[in-house]
There are 2 protein chains.
Amino acid sequence: MTVDGRLARGERTRTAVLDAAVSLASANGLDGLSLGHLADSLGVSKSGLFAHWRSKEALQLATIDRAVAQWQELIIGPALRAPRGVRRIHALHEARIAFYATRVLPGGCFFATTEFEFKGRPGAVRDRLVAAFADWTALLERLVREAVELGELPAEVDVALLAYEIDSSGIAAAMRSRLFDPETTYRHARRGVLDRLRALCPDPHLLPEGPS
Amino acid sequence: MTVDGRLARGERTRTAVLDAAVSLASANGLDGLSLGHLADSLGVSKSGLFAHWRSKEALQLATIDRAVAQWQELIIGPALRAPRGVRRIHALHEARIAFYATRVLPGGCFFATTEFEFKGRPGAVRDRLVAAFADWTALLERLVREAVELGELPAEVDVALLAYEIDSSGIAAAMRSRLFDPETTYRHARRGVLDRLRALCPDPHLLPEGPS
DNA sequence: TAAATAAGACCGACCGGTCGTATTTATTTA
DNA sequence: TAAATAAATACGACCGGTCGGTCTTATTTA
């Protein structure tokens with residue numbers, strides 16, 4: 001950013017490149033991302049990319065950061081406008097599934113694809129992905145803990161376990177929606193978490209009966 | 001197999017190659033599987049592989065079949081020795097998580113890795129993976145249905161949804177166990193499904209209280 | 001003997017990455 | 001204001017390396 005708020009010269013270009021990289025990597029992974037294809041899809045030359053990032057790994061790291069920003073903007077941000085407690089947990093899960101359903105990313109979920117890809121490959125890319133995943137898990141656990149503190153979930157609830165189960169449903173949705181019927185998959189992912197929250201929440205009016 | 005039960009000449013070689021391929025692909029995927037590395041890890045030449053499979057895709061398809069056979073032998077087979085009903089469902093899930101924990105496959109789960117890899121790539125490999133996944137889902141749903149018919153699960157249970165939730169837990173375990181602390185991940189995967197089955201099952205003595 | 005299997009040299013395609021150069025843009029100077 | 005300058009950006013050509021795959025030849029086995 002420059003002082004007057006306009007984007008610096010190459011900033012728009014960089015963002016456009018990273019958006020395309022997130023999209024391609026959501027389908028083929030960060031290692032499966034070909035710089036030649038990426039450049040072609042943008043109508044620029046491959047060597048031009050190296051004016052902005054010194055190596056493929058640097059571009060991969062920037063792509064992860066961009067995906068995190070998108071996730072924050074399109075999923076976490078809107079969900080945090082819901083009231084604290086179980087409704088906020090539900091809103092976050094719904095926003096996630098809805099995002100998958102938009103097909104903005106052809107691969108469904110950038111993080112699921114890339115984290116599976118790099119789970120066994122040590123290095124800076126894996127470290128960055130793990131950090132992003134840890135942040136996401138911490139957010140989920142924080143929302144669950146808040147709901148417990150508000151009395152909207154029983155005090156005996158295993159916070160980390162419930163967060164694991166909610167996230168599991170989303171991970172499976174990212175995968176199964178691209179292999180089987182997407183609508184059925186999304187219905188399972190939404191119904192399962194909603195039923196679980198409703199079963200745990202003493203107040204039956206806080207959450208809708210059916211997936212919204 | 002020949003008539004006298006001994007392996008045909010190259011059968012042992014082929015099986016050894018496919019076992020190594022399953023192991024490597026569990027970590028790096030079927031596309032990330034390098035025929036050169038595969039051959040080197042077995043002390044054979046790369047071109048020798050083409051005497052057994054006409055192309056990389058043919059070897060990939062055979063690798064999937066081998067992984068299915070391993071899954072049947074090491075997970076499904078033993079689990080089917082448990083009594084019908086919720087105990088069999090539980091045994092299947094436990095066997096799956098236990099298999100991940102053995103670290104027989106460095107990547108954790110061949111199917112999770114490869115299905116994520118090929119979810120957006122049409123072709124024979126994807127079709128075979130989808131078929132294997134569909135079989136697995138059908139098995140899970142059949143076991144759930146049996147438990148309902150035995151009265152060990154309520155008749156109102158959504159069979160496909162419960163199967164989805166159980167499988168989700170396993171998929172997430174395959175991924176998270178290679179990114180975070182494996183023991184915590186396995187505990188969540190086992191505890192979550194066990195609690196869920198116990199909550200649904202009217203007979204509290206059919207399932208153990210804690211993860212076995 | 002005949003077929004299956006193995007090996008190694010080799011091929012074209014694609015990969016990430018470098019280099020020299022042309023062009024654009026922002027800043028400074030006349 | 002206009003010209004000059006310096007920096008950022010973009011490009012095509014090219015490099016070494018790895019990939020899947022082919023070919024010829026040698027060895028093993030029924």
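Proteins come first, then strands; the chains are lettered A, B, ... in the order of their sequence lines, and each starts at number 1.
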What residue pairs, at least two apart or across chains, pass salt bridge (Lys or Arg N to Asp or Glu O under 4.0 Å) with a residue in residues 110-126 of chain A?
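Residue pairs with at least one partner in residues 110-126 of chain A: A:Asp31-A:Arg121.
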
Strictly by Watson-Crick or wobble contacts shorter than 3.5 Å, is anything paired with D:dC14, and which nucleotide is it?
C:dG17

Which base, if any, makes a Watson-Crick or G-U wobble pair with D:dA30, both distances under 3.5 Å?
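Partner of D:dA30: C:dT1.
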
Test salt bridge (Lys or Arg N to Asp or Glu O under 4.0 Å) applied to B:Asp19 - qualifying residues, sequence neighbours left out:
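So B:Asp19 forms a salt bridge (Lys or Arg N to Asp or Glu O under 4.0 Å) with B:Arg66.
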
[atom1] of [X] versus [atom2] of [N]: gap in Å, rounded?
| X | N | atom1 | atom2 | result |
| --- | --- | --- | --- | --- |
| B:Asp40 | D:dT18 | CG | P | 11 Å |
| B:Trp53 | C:dT5 | CH2 | P | 10 Å |
| B:Leu49 | D:dT22 | CG | C1' | 14 Å |
| B:Arg12 | C:dT5 | CZ | P | 12 Å |

Expected list for residues 98-108 of chain A: side-chain donor-acceptor pairs under 3.5 angstrom, two or more places apart:
residue	atom	partner	partner atom	Å
A:Tyr100	OH	A:Arg96	NE	2.8
A:Tyr100	OH	A:Arg96	NH2	3.3
A:Thr102	OG1	A:Phe99	O	2.5
A:Thr102	OG1	A:Val104	N	3.3

Please tabulate, for the side chains in residues 35-44 of chain B, all donor-acceptor contacts under 3.5 angstrom to protein atoms that are two or more places apart in sequence or on a different chain.
residue	atom	partner	partner atom	Å
B:Ser41	OG	B:Leu38	O	2.8

Under the ring pair (Phe, Tyr, Trp, His ring centres under 6.0 Å) test, residues paired with B:Phe111 that sit two or more places apart
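Partners of B:Phe111 under the ring pair (Phe, Tyr, Trp, His ring centres under 6.0 Å) test: B:Trp71.
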
So, B:Thr137 versus A:Arg176: side-chain donor-acceptor pair below 3.5 Å or not?
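Yes, a side-chain donor-acceptor pair sits under 3.5 Å.
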
Whether each nucleotide of nucleotides 6-18 of chain C has a protein heavy atom under 4.0 Å at its base (B), only at its sugar-phosphate (S) or at neither (-) is summarised, 5' to 3', as SBB------SBBB

